[in-house]
Student: 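If you scroll down you'll find the structure; I have some questions about it.
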Amino acid sequence: FRAPLGGAITSIEVLYTEDFETEAIIPCVMSSVVAYSFFTFIFGHQPIFATPTLIFTDPRELLIYAGLGLVCVPVGWLYSKSLYGLRDHLFRRIPIKPHFVPAIGGLLVGCIGLMTPKVLSGGYGTIQLALLAKLRVSLMAAMVLTKIVATSFTIGSGGSGGVFGPSLFIGAMLGGVVGKLGHHYFPHVVSNPTAFALVGMAAFFAGVAKAPIGALLMVSEMTRGYGLVVPLMFVSAIPVLLSGRWGIYEKQVKNKFASPAHVSDLTI
């Protein structure tokens, strides 16, 4: 993702809901530097997403940004619950051999793709269109739901796939919807809806992964949108505060005191 600092911080933040794996920060930084240097030497240094220059200048926008943060909470809850709910209550109960179950999930994803092709694959091209404000509100809203269902069919059935990319996709679509609606109804406040798609990426992942600092840095680096650090900070905090105990990573624990890796360190 060409986000060396965000990648290093996310890796030590995502293990816990309320803590950092501080002992790992030096090796994470070193590995991130090496990986970034080799990768960009071969593939170039251009950011993964092309965005116009975005700068936060109007404090009134924070009200609309707060709405985006609040929207991320129920959608994030739906996303996290559907990932493992379909696995536990649907796919694991299908009376066939386990290695056939992912084929059923793939078939269901294919059916969704026939109706909404843009939800297939990583969706980074679609995110780029949202960042350029080239998608309709109705299409972005529909893709939020279809991406959640398609990802849940993939992961829940045991298929191979990640949850970070879909989180960025869903966040960008949510931000695009809020940004375009804000620009339509409050054009004197929301001058550039593109900023909301970018901020939505960080806010949604921060809420479902409990990783606000890493998400903020990664999105800033991926888009070079450092002019939006203030709304990124503000909006990323809202879903983290309101997301409760649910999230997309089942193995997350609260802090080091609850971590099996630190039992021997903390026994005394």
Side-chain angles (χ1 to χ4, degrees), residues 1-3 6 46-58 60-76 79 116 118-119 121-148 151 163-187 189-209 212 214-239:
F1 291 103
R2 298 182 178 91
Q46 68 276 14
I48 189 172
F49 296 118
T51 57
T53 302
L54 300 170
I55 302 176
F56 172 72
T57 56
D58 191 343
R60 295 177 298 175
E61 275 191 306
L62 290 177
L63 294 174
I64 313 298
Y65 279 118
L68 172 58
L70 293 173
V71 169
C72 286
V73 177
V75 178
Y79 179 49
T116 315
K118 290 185 181 297
V119 304
S121 72
Y124 299 121
T126 306
I127 293 176
Q128 179 66 74
L129 293 176
L131 291 172
L132 297 176
K134 292 184 177 181
L135 296 176
R136 303 188 313 272
V137 170
S138 58
L139 178 60
M140 289 188 289
M143 285 194 292
V144 168
L145 296 176
T146 52
K147 191 67 171 180
I148 289 175
T151 305
V163 291
F164 175 71
S167 299
L168 293 184
F169 184 96
I170 296 167
M173 296 304 113
L174 284 176
V177 169
V178 173
K180 280 208 164 186
L181 291 177
H183 181 67
H184 177 76
Y185 291 105
F186 308 101
V189 176
V190 180
S191 57
N192 195 338
T194 297
F196 284 79
L198 190 157
V199 172
M201 293 164 62
F204 188 79
F205 180 73
V208 297
L216 183 157
L217 291 172
M218 286 195 75
V219 171
S220 294
E221 289 180 294
M222 284 192 293
T223 60
R224 297 183 182 174
Y226 295 102
L228 297 175
V229 168
V230 170
L232 280 167
M233 293 168 59
F234 177 63
V235 182
S236 295
I238 294 174

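Along the sequence shown, the residues carry numbers beginning at 1. Since the model is a prediction, treat every value here as computed from it, not as a measurement.
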Student: Decide yes or no on side-chain contact (heavy atoms from CB on, under 4.5 Å) for I238 and Y65, but give the supporting numbers first.
Tutor: CA-CA 10 Å; I238 294 174; Y65 279 118; over 6 Å; no
Student: For a quick test of reading the model, state the closest non-hydrogen atom pair linking V119 to T146 and the distance between them.
Tutor: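 Shortest heavy-atom separation between V119 and T146 comes out as CG1-OG1, 3.0 Å.
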Student: Is there a ring pair (Phe, Tyr, Trp, His ring centres under 6.0 Å) between F234 and F56 once you walk through the steps?
Tutor: CA-CA 12 Å; F234 177 63; F56 172 72; 9.1 Å; no
Student: Is there a side-chain contact (heavy atoms from CB on, under 4.5 Å) between L228 and V219? Walk through the geometry before answering.
Tutor: CA-CA 10 Å; L228 297 175; V219 171; over 6 Å; no
Student: Provide the closest heavy-atom pair for C72 versus P239 in the form atom of the first, atom of the second, distance.
Tutor: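 Scanning both residues completely, I find the closest heavy atoms to be CB-CB, 4.3 Å.
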Student: Supply the atom-to-atom distance Y226 OH to L232 CG, rounded to the nearest 0.5 angstrom.
Tutor: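 Going from OH on Y226 over to CG on L232, the span is 11.0 Å.
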Student: Decide side-chain contact (heavy atoms from CB on, under 4.5 Å) for R224 and T51; before the verdict, give the C-alpha distance in whole Å, the side-chain angles of both, and the deciding distance to 0.1 Å.
Tutor: CA-CA 8 Å; R224 297 183 182 174; T51 57; 5.8 Å; no
Student: NZ of K180: more than 12 outside heavy atoms within 6.0 angstrom?
Tutor: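 Counting other residues, nucleotides and ligands, NZ of K180 exceeds 12 neighbours.
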Student: Please report the closest heavy-atom contact between A206 and P212, naming both atoms and the distance.
Tutor: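 Heavy atoms only, the tightest pair is CB-CA, 3.6 Å.
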Student: Of F204, F169, F196, which is the lone residue that meets side-chain contact (heavy atoms from CB on, under 4.5 Å) with L174?
Tutor: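 Of all the options given, the one that passes is F204.
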Student: For the side chain of K134 and the backbone of L129, is there at least one donor-acceptor N/O pair under 3.5 Å apart?
Tutor: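 Checking the backbone N and O of L129 against the side chain of K134, no donor-acceptor pair under 3.5 Å is found.
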Student: Mind checking the CG-CG spacing from L63 to D58? Nearest 0.5 Å is all I need.
Tutor: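 Answer for the CG-CG pair, L63 versus D58, is 9.5 Å.
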Student: Can you tell me how far apart CE (M173) and CD1 (I127) are? Round to the nearest 0.5 Å.
Tutor: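 Between atom CE of M173 and atom CD1 of I127 there are 6.0 Å.
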Student: Can you tell me if CZ on R136 sees more than 12 non-hydrogen neighbours from other groups inside 6.0 Å?
Tutor: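 Atom CZ in R136 is not packed in, count stays at 12 or less.
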Student: Determine the minimum heavy-atom distance between M140 and A130, stating which atoms define it.
Tutor: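 What the structure gives for the nearest pair is SD-CB, 4.3 Å.
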Student: Quick one: CE on M143 to NZ on K118, what's the gap to the nearest 0.5 Å?
Tutor: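 These two atoms lie 6.5 Å from each other.
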Student: Less than 4.5 Å apart, any side-chain heavy atom of L168 and any of M218?
Tutor: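 With C-beta onward as the side chain, the pair stays apart.
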Student: Heavy atoms only: give me the nearest T126-L135 pair and the separation to one decimal.
Tutor: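 Closest pair (atom of T126, atom of L135, distance): O-CD1, 3.7 Å.
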Student: Could you measure the distance from the CD1 atom of I48 to the CD atom of Q128? Nearest 0.5 Å is fine.
Tutor: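 It comes to 9.5 Å.
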Student: With a cut-off of 6.0 Å (strictly less than), are more than 12 heavy atoms of other residues, nucleotides or ligands near CZ of F186?
Tutor: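 Open: at most 12 neighbouring heavy atoms sit under 6.0 Å from CZ of F186.
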Student: Under the side chain to side chain donor-acceptor pair (under 3.5 Å) rule, collect the residues that match up with T194, sequence neighbours excluded.
Tutor: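 Checked T194 against side chain to side chain donor-acceptor pair (under 3.5 Å); matches are N192.
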Student: Looking only at heavy atoms, what is the nearest atom pair of G76 and V208, with distance?
Tutor: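 Result for this residue pair: CA-CG1, 3.6 Å.
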